[in-house]
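Notes follow the structure.
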Amino acid sequence: MLAICKNKMEKKIKRRSDCPVSFALDIFGDKWSLLIIRDLMFKNKKTYGEFLQSEEKIATNILADRLSKLECADLIKCAVDQEKKSKFNYELTEKGIDIVPVLLEIVLWSATHDKYTAAPKEFVDRVKYDKEDFIKEIVKQLKSKL
């Protein structure tokens, strides 16, 4: 159960167990959270409106909830846009960037088992044959935005 937080950093997650898989799933284990992380990580999306335009068609109430949950878990941070003060930009934190290997493994698994995958062959090949260097490259690029 989640409790609403003040200043966005106090949302509490009730742990079901001390299992590391359960802990991870409690934080980013629903499909919407991982898709938001994907959009930040690989699609250069950063605003609420850009997330709404994703092909999966997330509902506004779910998007707002997941952004808040990810921010409270310190996987993303939100900042007021420099040019338009009524607009907010989201970006991954270092903790969020640490999910890169997890998402790449999901992409690899999906590309192997989904004959309709939209993952570009070049991307999948990099994950398959040059994973460690590819992870370093992605992490470096993401950290340069911090």
Side-chain angles (χ1 to χ4, degrees), residues 1-5 8-81 84 87-146:
M1 169 167 285
L2 299 174
I4 302 298
C5 63
K8 296 185 181 179
M9 296 309 290
E10 298 298 323
K11 192 174 272 193
K12 300 292 181 197
I13 297 171
K14 183 178 180 195
R15 295 175 67 118
R16 291 176 282 181
S17 74
D18 291 331
C19 168
V21 174
S22 179
F23 172 77
L25 291 174
D26 285 341
I27 295 174
F28 59 80
D30 69 280
K31 68 181 177 182
W32 297 116
S33 294
L34 284 176
L35 290 171
I36 291 166
I37 292 169
R38 173 214 57 193
D39 285 353
L40 287 163
M41 200 172 280
F42 301 125
K43 298 191 176 202
N44 296 317
K45 295 185 180 191
K46 61 182 180 181
T47 67
Y48 190 87
E50 289 170 337
F51 297 126
L52 285 176
Q53 293 171 2
S54 294
E55 67 180 307
E56 292 85 10
K57 306 291 184 213
I58 189 170
T60 57
N61 62 321
I62 293 172
L63 176 58
D65 179 71
R66 293 321 184 276
L67 287 170
S68 176
K69 182 179 175 184
L70 291 169
E71 189 175 5
C72 290
D74 196 32
L75 295 177
I76 66 172
K77 60 184 174 181
C78 178
V80 175
D81 188 88
K84 189 173 182 184
K87 187 174 167 182
F88 295 95
N89 294 320
Y90 295 89
E91 64 183 50
L92 293 166
T93 61
E94 293 227 13
K95 186 176 176 181
I97 292 170
D98 284 344
I99 298 172
V100 167
V102 175
L103 277 188
L104 290 179
E105 287 297 332
I106 291 171
V107 168
L108 187 58
W109 182 88
S110 295
T112 301
H113 297 287
D114 177 13
K115 65 182 177 179
Y116 302 110
T117 187
K121 182 180 179 347
E122 302 79 30
F123 188 90
V124 174
D125 285 348
R126 286 284 315 268
V127 177
K128 243 184 229 184
Y129 304 115
D130 191 25
K131 189 183 304 176
E132 293 204 19
D133 285 341
F134 196 33
I135 289 170
K136 287 177 188 173
E137 185 180 310
I138 294 168
V139 167
K140 182 179 179 182
Q141 178 199 17
L142 292 169
K143 285 188 176 184
S144 73
K145 296 177 185 179
L146 296 180

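Contact of the D65 side chain with the W32 side chain is not registered, since no non-hydrogen atoms from C-beta on lie closer than 4.5 Å. Residues S54 and R38 meet the side-chain proximity criterion, which asks for heavy atoms closer than 4.5 Å. Counting heavy atoms from C-beta on, the side chains of K87 and T47 come closer than 4.5 Å.
With respect to I37, the side-chain contact (heavy atoms from CB on, under 4.5 Å) criterion is satisfied by exactly one of I99, I97, V100: I99.
One finds the CD1 atom of I58 at 9.5 Å from the CZ atom of F51 (value rounded to the nearest 0.5 Å). L67 contributes atom CG, which lies 4.5 Å from atom CD1 of I36 (distance to the nearest 0.5 angstrom). For the atom pair CG of L40 and OH of Y90, the computed distance is 10.0 Å after rounding to the nearest 0.5 Å. Rounding to the nearest 0.5 angstrom, the gap separating the CG atom in L35 from the CD1 atom in I62 is 11.5 Å. To the nearest 0.5 Å, atom CG of residue D81 and atom CG of residue N89 are 4.5 Å apart. L92 CG to L75 CG: the interatomic distance, rounded to the nearest 0.5 Å, is 8.0 Å.
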Query - Q53/D39 under side chain to side chain contact (heavy atoms under 4.5 Å, CB included): CA gap, chis, key distance, verdict - result: CA-CA 11 Å; Q53 293 171 2; D39 285 353; over 6 Å; no
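For residues 110-143, the set of pairs meeting the ring-ring contact (aromatic ring centres under 6.0 Å, His included) definition, not counting sequence neighbours, comprises F42-F123, W109-H113, F123-F134.
Listed for the K131 side chain is no donor-acceptor partner under 3.5 Å among the backbone atoms of L104. Distance alone, capped at 3.5 Å, is enough to place a donor-acceptor pair between the S110 side chain and the I106 backbone.
Donor-acceptor pairing under 3.5 Å is lacking for the side chains of S33 and K69.
With sequence neighbours excluded, no residue forms a salt bridge (charged side-chain N to carboxylate O under 4.0 Å, His left out) with K46. Under the side chain to side chain contact (heavy atoms under 4.5 Å, CB included) criterion, A119 pairs with V107, T117, V124, not counting sequence neighbours.
Between L52 and T60, the closest heavy-atom pair is CD2-CG2, 3.8 Å.
Enclosure of atom NZ in K136 is not indicated, since only 12 or fewer non-hydrogen atoms of other residues, nucleotides or ligands lie within 6.0 angstrom. Other residues, nucleotides and ligands contribute over 12 non-hydrogen atoms within 6.0 Å of the CD atom of E56.
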